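Input: a single structure, listed below in structure tokens.
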Amino acid sequence: MTDPYEVLNIPNTATDDEVKKAYRALARKYHPDNYHDNPLADLAQEKMKEINAAYDAIQRERSGHGRAAPDYGGGQQAAYQYYGQQRQNTSAEAQILYQVRWAVMMGGSLEQAERLLAQIPESGRGGEWSFLMGQVYYRRGWVDEARRHYQTACAKDPGNAEYRNALDNLNQTRAAYRPDGYGMSSTCSGGDLCGRLACTYLMCNLGGCFWCC
Amino acid sequence: MFGYVRPSEPRLSGEDKRRFSAAYCGLCRTLGERHGLPARFILNYDFAFLAILLWPSETGPVLRRSCPVHPVHGRDVFLKNPALELAADCSVILTWWQMQDALNDPGKGKGKYRLLSKGTRGAYRRARQYRPGFDRTTQEHLQRLHRLEQSGCATMDEPADAFAQLLAGVSNEVAEPAKRRILEQFLYHLGRWIYLVDAADDLQEDFASGSYNPLIRRFSLENGTLPEDAKETLALSLDHSIRLMSAAFELWDFGVWTPVIQSVVYEGLFLVGRSVLDGTFHTAVRSRPGNGRKEKL
């Protein structure tokens with residue numbers, strides 16, 4: 001088994017407080033919230049398990065008896081709750097949307113979801129269609145299209161809290177993980193620009209010379 | 001590519017800077033050894049960054065070597081390794097196809113592209129032999145991009161996806177499965193970010209020359225500048241891709257390169273994006289001592 005101290009990146013002489021601090025910092029980094037809707041979520045979950053196991057092992061070793069790590073979400077499946085309503089309407093279109101919703105929520109194939117959505121004619125594309133299309137785009141990382149589709153979904157069905165939440169979440173700059181000392185989290189605000197743009201220290205550049213001549 | 005990926009200088013220790021500089025010079029040298037002198041002209045920061053992402057866990061020795069630009073004192077360089085070779089091959093292929101694209105674009109000046117294209121033809125042929133798969137996918141994605149441009153595509157995500165997939169294609173050359181997945185995601189969003197930042201950077205020029213630019217159609221622009229709300233909308237997309245890059249970065253141990261990559265994904269990209277949106281990028285970069293102008297391919 002890997003050395004638990006190595007996993008937490010601390011020496012085995014670390015105090016209990018240092019162990020806890022290192023564990024918390026790593027747990028914050030690999031928390032499922034940071035990997036929500038991320039195709040690499042399974043790798044983050046593995047990391048989280050490793051960290052939890054290492055912390056647990058150190059606690060056991062130090063206290064002489066079993067003590068579980070506080071759960072920072074590593075054990076949880078970042079699974080979706082399916083909170084859509086069961087459709088009363090069983091028209092072909094509603095069934096397709098139901099299938100797509102299921103596929104998208106459970107991390108299924110985006111290509112298939114998109115194919116199914118394309119089967120619905122323009123006239124049958126309501127708020128749900130736009131919302132699901134937005135979800136497909138969001139999963140792909142196409143944030144601009146996702147946002148436009150969420151906006152359409154909200155406009156078509158203004159009372160729907162799920163659509164509104166999706167749009168609000170996307171519009172907010174979420175407090176994502178950042179290492180200590182790094183304050184910037186947006187292209188549009190925060191931080192000081194002067195003098196940071198970088199890495200020109202003494203680097204020659206044949207290309208640069210070429211274009212200057 | 002474009003030279004937009006830059007670490008945030010104050011975040012790096014002297015050793016980090018020297019090491020990054022040695023990787024940059026190492027890539028230049030590898031380009032020369034593997035593909036001939038003209039290939040060294042395509043060097044830029046983006047490709048050096050690509051090399052450190054691909055770096056093997058063994059750092060390798062740094063040696064003092066002279067070069068055509070520093071014939072007397074020389075520079076510290078990393079000697080050729082598989083990451084530098086891969087980055088060099090991919091750089092040549094990418095640049096070659098982008099040059100061909102620029103030569104076919106009626107709206108742009110062609111002199112420098114013609115010259116460089118002539119000079120690097122041999123380099124491209126060699127690189128294609130080493131990486132036939134990457135050459136093929138690059139052509140496919142650039143053809144798709146070209147079709148989207150021809151049709152005047154009104155979304156920015158779709159053309160950005162073509163370029164993003166193209167860059168993500170480099171990950172296919174990585175043997176280790178977990179690293180390949182992580183790099184695929186990282187490079188996809190890096191490609192997306194580069195494409196969008198470049199579109200913002202070129203906006204005025206493209207508007208004036210009538211060339212395709214995804215932002216003109218997406219925001220129905222009537223002149224070559226982005227209004228504030230459009231900047232915010234674009235920044236939302238840029239930020240999202242940066243966050244996905246940093247999430248991917250944290251899942252792999254990049255060893256000695258960790259501080260450099262960290263300073264890029266947690267600060268450098270935000271700073272570059274902002275200065276491009278502000279229109280200050282080129283002044284900020286040129287005003288730094290010892291820096292040549294941004295070479296653009």
Side-chain angles (χ1 to χ4, degrees), chain A residues 9 26 29-30 34-44 46-47 137-138 140-148 170-174 176-179 181-213, chain B residues 6-10 17 20-21 24 28 40-45 68-70 75 112 155-157 161 178 181-182 185 188-189 192 218 231-233 235-241 243-244 246-248 250-251 262 266-268 270-275 277 284-285 288-293 295:
Chain A
N9 204 14
L26 287 170
K29 189 188 281 187
Y30 297 112
N34 293 333
Y35 290 88
H36 190 63
D37 277 347
N38 190 315
L40 303 176
D42 57 315
L43 296 178
E46 270 172 38
K47 281 266 185 198
Y137 284 133
Y138 187 78
R140 277 204 186 127
W142 295 24
V143 179
D144 193 49
E145 285 303 300
R147 184 162 172 262
R148 289 212 282 180
L170 200 151
N171 281 334
Q172 276 168 19
T173 306
R174 268 189 297 159
Y177 166 80
R178 286 189 301 282
Y182 279 91
M184 259 188 127
S185 64
S186 162
T187 300
C188 269
S189 60
D192 163 36
L193 185 67
C194 297
R196 292 198 171 187
L197 255 189
C199 85
T200 45
Y201 22 85
L202 306 175
M203 280 198 197
C204 69
N205 181 327
L206 267 178
C209 300
F210 176 77
W211 297 118
C212 284
C213 297
Chain B
R6 283 150 196 267
S8 180
E9 192 170 342
K17 290 177 195 173
F20 187 49
S21 173
Y24 185 85
C28 183
R40 297 177 90 157
F41 290 102
I42 70 169
L43 180 71
N44 73 23
Y45 297 118
V69 179
H70 304 103
R75 282 287 179 273
K112 61 182 181 184
T155 77
M156 57 190 195
D157 285 332
D161 176 73
R181 266 187 74 195
I182 290 165
Q185 165 87 347
Y188 179 89
H189 284 283
R192 201 178 127 78
R218 166 62 183 87
K231 278 185 189 170
E232 278 171 27
T233 304
L236 205 72
S237 283
L238 297 176
D239 291 350
H240 188 77
S241 280
R243 274 202 295 276
L244 289 174
S246 50
E250 295 292 356
L251 293 170
Q262 200 173 46
Y266 289 110
E267 199 162 88
F270 290 123
L271 291 170
V272 170
R274 189 190 302 173
S275 63
L277 291 184
V285 169
R288 306 290 304 164
N291 196 31
R293 59 182 284 197
E295 72 280 24

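Here the structure is a predicted model, which means the values were calculated and not measured. For the numbers below, each heavy atom of this structure counts, side chains included, while hydrogens, waters and symmetry mates do not. Per chain, numbering begins at 1; letters A, B, ... match sequence-line order.
A donor-acceptor pair under 3.5 Å is formed between the side chain of B:D239 and the backbone N or O of A:T187. When atom types are taken as modelled, the side chain of B:R181 and the backbone of A:P39 share a donor-acceptor pair closer than 3.5 angstrom.
Chain A forms more heavy-atom pairs under 4.5 Å with one residue of B:R218, B:M156, B:K231, B:H189 than with any other, namely B:R218. Of the listed residues (B:T155, B:L277, B:L238), the greatest number of heavy-atom pairs within a distance under 4.5 Å of chain A belongs to B:T155.
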CA sep, side-chain torsions, deciding dist, call: B:D161, A:R140, salt bridge (Lys or Arg N to Asp or Glu O under 4.0 Å): CA-CA 9 Å; B:D161 176 73; A:R140 277 204 186 127; over 6 Å; no
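Of the two parts of A:Y30, only the side chain, counted from C-beta on, holds a non-hydrogen atom closer than 4.5 Å to a non-hydrogen atom of chain B. In this structure, the portion of A:N38 lying under 4.5 Å from any heavy atom of chain B is its side chain and not its backbone.
Partners of B:D157 under the side chain to side chain donor-acceptor pair (under 3.5 Å) rule, at least two apart in sequence or in another chain, are B:R192. Shown here are the side chain to side chain donor-acceptor pair (under 3.5 Å) partners of B:E250, two or more places apart in sequence or in another chain: A:K29, B:Y266.
In this structure the side chain of B:L236 reaches within 4.5 angstrom of the side chain of A:L170, judged on heavy atoms.
A distance of 10.0 Å separates CG in A:N171 from CD in B:E232, rounded to the nearest 0.5 Å. To the nearest 0.5 Å, atoms CD (B:Q262) and CZ (A:R178) are separated by 12.5 Å.
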